[in-house]
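The sequence lines fix the lettering, A, B, ..., with proteins before strands; numbering per chain opens at 1.
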2 protein chains.
Amino acid sequence: MGNLTDAAKVRRSPRSKETIREENELIILAAAEKVFAKHGLKGSTTKQIADTAKLPKSNIHYYFYTKLNLYRCVLESILVDWMKAADTFNTFDEPREAIRYYVGAKMDLSRTRPFGSKVWANEIISGAPEMEEILSSKLKKWVDSCVQSINRWVELEKIVNVGDAHTLLYMIWATTQHYADFDYQVMILNNGKKLTDSEFEEKKQQVIDLVLRSVGLNP
Amino acid sequence: MGNLTDAAKVRRSPRSKETIREENELIILAAAEKVFAKHGLKGSTTKQIADTAKLPKSNIHYYFYTKLNLYRCVLESILVDWMKAADTFNTFDEPREAIRYYVGAKMDLSRTRPFGSKVWANEIISGAPEMEEILSSKLKKWVDSCVQSINRWVELEKIVNVGDAHTLLYMIWATTQHYADFDYQVMILNNGKKLTDSEFEEKKQQVIDLVLRSVGLNP
DNA sequence: AAAATATTTGACCATTTGGTCAAGTTTTAT
DNA sequence: ATAAAACTTGACCAAATGGTCAAATATTTT
């Protein structure tokens, strides 16, 4: 057993300086995202998160103080990725390109970070008690500028008149996030097998085409 | 205080025979649907449900034994409404009518029974631990026949080729259920006001038109 | 009317929960 | 080298939880 201690020493030494905090925070955030995705804020326990992170429970509290604070940190960390995809929407002049890029990016996020999407879904479903501010400030502003873009495209007759631009946005959000939030259902209806990468790329293209046609654009 | 007892007697007497159980079960189911929608299975407490139902906690256990059993009963009761709307999809020959009717019915359900939709959403998000059987039997069968209908429409060139028919179905589900599951977000982005009945009818028509165009049909 | 059945309810309990704390260990700064 | 700061962790706690039970009340059956 003596050499085991030596091995541990060797393994631990390269882990240098202030990275300890960073590393552990990332481990805990990832574990928390997974657990919160499955059970929501109230349904998740700090012990579950600790076990998932393979750390003692006290450690979770040492880094994040309370469960609620950890939950907020998870939500915020998801928002960063969320906003990156969103920001591009208004940078394209042509609706075809804007929709293609944005829908594609949202589909990719659903694929790469399904737990994050689920945590957000849970939060909104339960009345967004922690995210009310962000929704009515940050998100509201982004949506307003999106709506303007869409309305301009309608005026320029680049897309058909969809009535309320929000309706189109909601369709895009709902459809793309469905592949993350309801991935289990998607799997069951795919004969119990998870979508392969190439299958997912197919669906992504199909979703893009559906959305394009829905506003009168020929894919 | 004597007449208060008399009043109670008078009020209670018309409540006849075996309706006691029926009445209470309905009250508890409604309360449970509301609470489960907000907090999920694990996050909800029997006390919350009891308070919402304005009954003592023991009463909930008397009628439904355990929290898990009550949860299952709620899910089943929602499924009934769900399936009613679903059954009609394959009764129409023309895709335009089938889509119009089905999307309309799903939107109406989102409006009239948002809590039910949320409970299902929560259940699927958390991996459908209680509904796995139903998903892979009942739902799978219905979806398969739906997919056939859609594929036939494609062959007859009544709608454009959407690739995998599932993609279209998911878009319909996701978009319509968005108005229930994310109603809080919809409200915030509607300047903090709930959608009025006439606003909702507008959105419903817009969703129908988007879906119709997405498969190449002119609304 | 009285026996049998169904409903109501408060008191109670073992378990689980989020969170604290202090004693130990490791890493960094001097 | 050694003091200071940061990290680790098991033991612990008050509050909340799902569920039980028996006694009281109401309803139905005979």
Side-chain angles (χ1 to χ4, degrees), chain A residues 1 4-29 31-32 35-36 38-74 129-130, chain B residues 1 4-29 31-32 35-36 38-74 129-130:
Chain A
M1 283 290 179
L4 212 147
T5 318
D6 288 341
K9 268 183 196 167
V10 170
R11 215 187 312 122
R12 208 180 303 128
S13 55
R15 188 183 168 201
S16 64
K17 294 192 179 189
E18 304 167 344
T19 49
I20 296 175
R21 186 170 204 101
E22 263 173 68
E23 269 181 35
N24 281 337
E25 283 182 352
L26 286 178
I27 290 171
I28 295 169
L29 279 172
V35 175
F36 284 138
K38 193 151 196 165
H39 304 292
L41 169 58
K42 295 193 62 176
S44 301
T45 71
T46 52
K47 178 149 195 325
Q48 280 177 304
I49 295 170
D51 290 349
T52 305
K54 289 174 183 171
L55 288 172
K57 198 182 64 166
S58 313
N59 221 314
I60 272 74
H61 283 99
Y62 174 71
Y63 283 108
F64 288 94
Y65 314 110
T66 66
K67 184 170 82 158
L68 181 58
N69 181 55
L70 173 56
Y71 179 72
R72 287 192 181 127
C73 290
V74 169
E130 305 304 326
Chain B
M1 280 292 180
L4 213 147
T5 318
D6 287 340
K9 267 184 196 166
V10 170
R11 216 189 307 126
R12 206 181 303 126
S13 58
R15 189 183 170 198
S16 64
K17 295 191 176 189
E18 304 167 343
T19 49
I20 295 176
R21 187 170 202 99
E22 263 174 66
E23 269 181 36
N24 281 337
E25 284 182 353
L26 286 178
I27 290 171
I28 294 169
L29 279 172
V35 174
F36 284 137
K38 194 152 194 165
H39 303 293
L41 169 58
K42 295 193 61 175
S44 301
T45 71
T46 52
K47 178 150 195 322
Q48 279 177 304
I49 295 169
D51 289 349
T52 304
K54 288 175 184 171
L55 289 170
K57 197 181 65 166
S58 312
N59 221 313
I60 272 74
H61 284 99
Y62 174 69
Y63 283 109
F64 288 94
Y65 315 110
T66 66
K67 183 171 81 157
L68 180 59
N69 182 55
L70 173 55
Y71 178 72
R72 287 194 181 124
C73 291
V74 169
E130 304 304 325

With a non-hydrogen cut-off below 4.0 angstrom, is B:T45 in contact with a base, only sugar-phosphate, or nothing? sugar-phosphate

Among [options], which nucleotide sits nearest the side chain of [X]?
X	options	value
A:Y63	D:dT27, C:dG19, D:dC7	D:dC7
A:K67	C:dT27, C:dG19, D:dG10	C:dG19
A:P56	D:dG10, D:dT27, C:dG10	D:dG10
B:K57	C:dG10, D:dG10, D:dG18	D:dG18

Measure the distance from [atom1] on [X] to [atom2] on [N] and round it to the nearest whole Å.
X	N	atom1	atom2	value
B:N59	C:dT8	CG	P	5 Å
A:K54	D:dT8	NZ	P	17 Å
B:L55	C:dG10	CG	C1'	15 Å
A:N69	C:dG19	CG	C1'	13 Å
A:I27	D:dT8	CD1	C1'	14 Å
A:N24	D:dC7	CG	P	8 Å
A:K47	D:dC13	NZ	P	19 Å
A:I20	D:dT9	CD1	C1'	15 Å

Above 12 or not: heavy atoms from other molecules or residues under 6.0 Å from NZ of A:K47? no

Taking atom NZ of A:K38 as the centre, report whether more than 12 heavy atoms of other residues, nucleotides or ligands fall under 6.0 Å from it. no

Please lay out, stage by stage, how A:K42 and A:Y71 fare under the test side chain to side chain contact (heavy atoms under 4.5 Å, CB included). CA-CA 10 Å; A:K42 295 193 62 176; A:Y71 179 72; over 6 Å; no

Please confirm whether any donor atom in the side chain of A:S58 sits under 3.5 Å from an acceptor in the base of D:dG10, or the reverse. yes

Ignoring backbone atoms, test whether B:R21 places a side-chain nitrogen or oxygen under 4.0 Å from the OP1 or OP2 oxygen of C:dT7. yes

Contact under 4.0 Å: A:Y62 side-chain N or O vs D:dC7 OP1/OP2: yes

Measure the spacing between CZ of A:F64 and CG of A:N59 and express it to the nearest 0.5 Å. 10.5 Å

Using atom types as modelled and distance alone, determine if a side-chain donor or acceptor of A:K67 lies under 3.5 Å from a backbone N or O of A:S44. yes

